[in-house]
Asks: 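Okay, handing you the structure first.
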Amino acid sequence: MAGTMSALANCGLMRAPVHHSITSSTTCDTTASASTRIALPPVHCSREGRDSKEVVSTAEAFKNAACGLLLSFSLATASPSFAAQNSQMRLPPLSTDPNRCERAFTGNTIGQANGVADKVLDLRMCDFSNDKTNLKGKTLSAALMSEAKFDGADLTEVIMSKAYAVGASFKGSVFTNAVVDRVAFDKSDMQGVQFINTVLSGSTFEGANLEGASFENALIGYVDIQKLCKNPTLPEESRIDLACKP
């Protein structure tokens, strides 16, 4: 990695000193990472004349392209530990909006599929227990739901894309015909939850309590099913519905 960073510095990606005159061939040295030297055309420049400036501009374009390839290579070959450190979820401070919980009744309306909104939908520690009407069909994309309570809530046809519900409680809640895409339910209490005819693409349930949970006619990817089947609290009936291997 140190060799790669040195090569990046040679490419000008680490704020290397800028020189106003160049008298030799400009190169982007990638020897440390790929044992390859990319030679660029000789550059002769001065402060005089428009033509010399155009030559410098062309050479810089070649240099930027070559160094861009080096940067892509260095990111693609980053160590696993580095990637793991940056994959941890860092949550913002709890919203001070006094009506932040009620905002769930409106939901997000911008960028539903990608979880993009004009304002963070912060529902952490909110209590929606036994709400049968206000959440149905709402879009809760990118909502922060950790430690919130949805026990007995009706979430029929709700859209939850990239929501963060770690440590939340959904005991007896209903997700009929809902789209639950890439939601983190890790360590949540999902006892008796009903995922009937629900799209559950890319959602995770690591450490979640799934006792009595139903996944009848749910649309789940093969890899996601394999992960679900490893949960020891998954009821036998759901194991049959998901075709878990014994």
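Computed from a prediction, not measured in an experiment: that's the story for all the values here. No hydrogens, no waters, no symmetry mates; every other heavy atom, side chains included, goes into these values. Start at 1 with the first residue, then count along the sequence.
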Asks: Does Val180 share a hydrophobic cluster with Ile196, counting links as ILVMFWY side-chain heavy atoms below 4.5 Å and allowing steps through other members?
Replies: no

Asks: Look up atom OG1 in Thr198 and atom CG in Asn217, then write down how far apart they are to the nearest 0.5 Å.
Replies: 9.5 Å

Asks: Would a distance-only check, ignoring hydrogens and angles, find a side-chain to backbone donor-acceptor pair under 3.5 Å from Gln194 to Gly192?
Replies: yes

Asks: Of all heavy-atom pairs between Phe215 and Leu210, which one has the smallest distance, and what is that distance?
Replies: CZ-CD2, 4.4 Å

Asks: Without swapping roles, check the side chain of Asp151 against the backbone of Lys171 for a donor-acceptor pair under 3.5 Å.
Replies: yes

Asks: Is Lys230 atom NZ crowded by more than 12 heavy atoms from other residues, nucleotides or ligands, each under 6.0 Å away?
Replies: no

Asks: Under 4.5 Å between any side-chain heavy atoms of Asp224 and Ser203, yes or no?
Replies: no

Asks: Which pair of heavy atoms, one from Ala104 and one from Leu121, lies closest together, and at what distance?
Replies: N-CD1, 4.2 Å

Asks: Could you label the plane-to-plane angle of the Phe175 and Phe185 rings as parallel, tilted or perpendicular, counting under 30° as parallel and over 60° as perpendicular?
Replies: perpendicular

Asks: Looking at Gln226, I want to see if its CD is surrounded by more than 12 non-hydrogen atoms of other residues, nucleotides or ligands under 6.0 Å.
Replies: yes

Asks: Verify the neighbour count for atom CD of Glu102: are there more than 12 heavy atoms of other residues, nucleotides or ligands below 6.0 Å?
Replies: yes

Asks: Is there a donor in the side chain of Thr139 and an acceptor in the side chain of Asn108, or the other way round, less than 3.5 Å apart?
Replies: no

Asks: Distance from Leu155 atom CG to Met160 atom CE, nearest 0.5 Å?
Replies: 7.0 Å

Asks: So how far is it from Cys126 SG to Phe150 CZ, rounded to the nearest 0.5 Å?
Replies: 7.5 Å

Asks: So does Ser201 get a backbone contact from the side chain of Arg182, meaning a donor-acceptor N/O pair under 3.5 Å?
Replies: no

Asks: For the residue pair Ser141 and Lys162, establish whether any side-chain heavy-atom pair is separated by less than 4.5 Å.
Replies: no

Asks: Please answer: with hydrophobic residues joined when any side-chain heavy atoms are less than 4.5 Å apart, are Phe170 and Leu135 in the same cluster?
Replies: yes

Asks: Looking at every heavy atom in both Lys132 and Lys136, which two are closest together, and how far apart are they?
Replies: O-CD, 3.2 Å

Asks: Shortest non-hydrogen contact from Met190 to Ala208?
Replies: CG-CB, 4.1 Å

Asks: Would the distance check show the side chain of Arg103 and the main-chain N or O of Val120 forming a donor-acceptor pair, the cut-off being under 3.5 Å?
Replies: yes

Asks: Can you establish whether the number of heavy atoms outside Lys138 located under 6.0 Å from its atom NZ is more than 12?
Replies: yes

Asks: Which heavy atom of Pro235 sits nearest to which heavy atom of Gly212, and what is that distance?
Replies: CG-N, 3.8 Å

Asks: Hey, what do you get for CG (Asp186) to OH (Tyr164), rounding to the nearest 0.5 Å?
Replies: 7.5 Å

Asks: State yes or no: do Phe105 and Met145 share one hydrophobic cluster built from I, L, V, M, F, W and Y residues joined by side-chain heavy-atom distances below 4.5 Å, directly or via other members?
Replies: yes

Asks: For Ala165, is there any backbone N or O sitting under 3.5 Å from a side-chain donor or acceptor partner on Ser188?
Replies: yes

Asks: Hydrophobic cluster membership, with links at side-chain heavy-atom distances under 4.5 Å among I/L/V/M/F/W/Y: are Ile225 and Val183 in one?
Replies: yes

Asks: Between Ser238 and Ser214, which heavy-atom pair has the shortest distance, and what is it?
Replies: OG-CA, 3.8 Å

Asks: In Å and rounded to the nearest 0.5 Å, what is the CG to OG distance from Asp131 to Ser173?
Replies: 12.0 Å

Asks: If hydrophobic clusters are built by linking Ile, Leu, Val, Met, Phe, Trp and Tyr wherever their side-chain heavy atoms come under 4.5 Å apart, do Leu91 and Val166 end up in the same one?
Replies: yes

Asks: Between the main-chain N or O of Asp122 and the side-chain N or O of Arg100, is there a donor-acceptor pair closer than 3.5 Å?
Replies: yes

Asks: Under the criterion side-chain contact (heavy atoms from CB on, under 4.5 Å), I'd like the reasoning laid out for Val193 against Phe205: C-alpha separation, chi angles, the key distance, then a yes or no.
Replies: CA-CA 12 Å; Val193 68; Phe205 297 86; over 6 Å; no

Asks: I need the Arg124 CZ to Leu144 CG distance, nearest 0.5 Å.
Replies: 5.0 Å

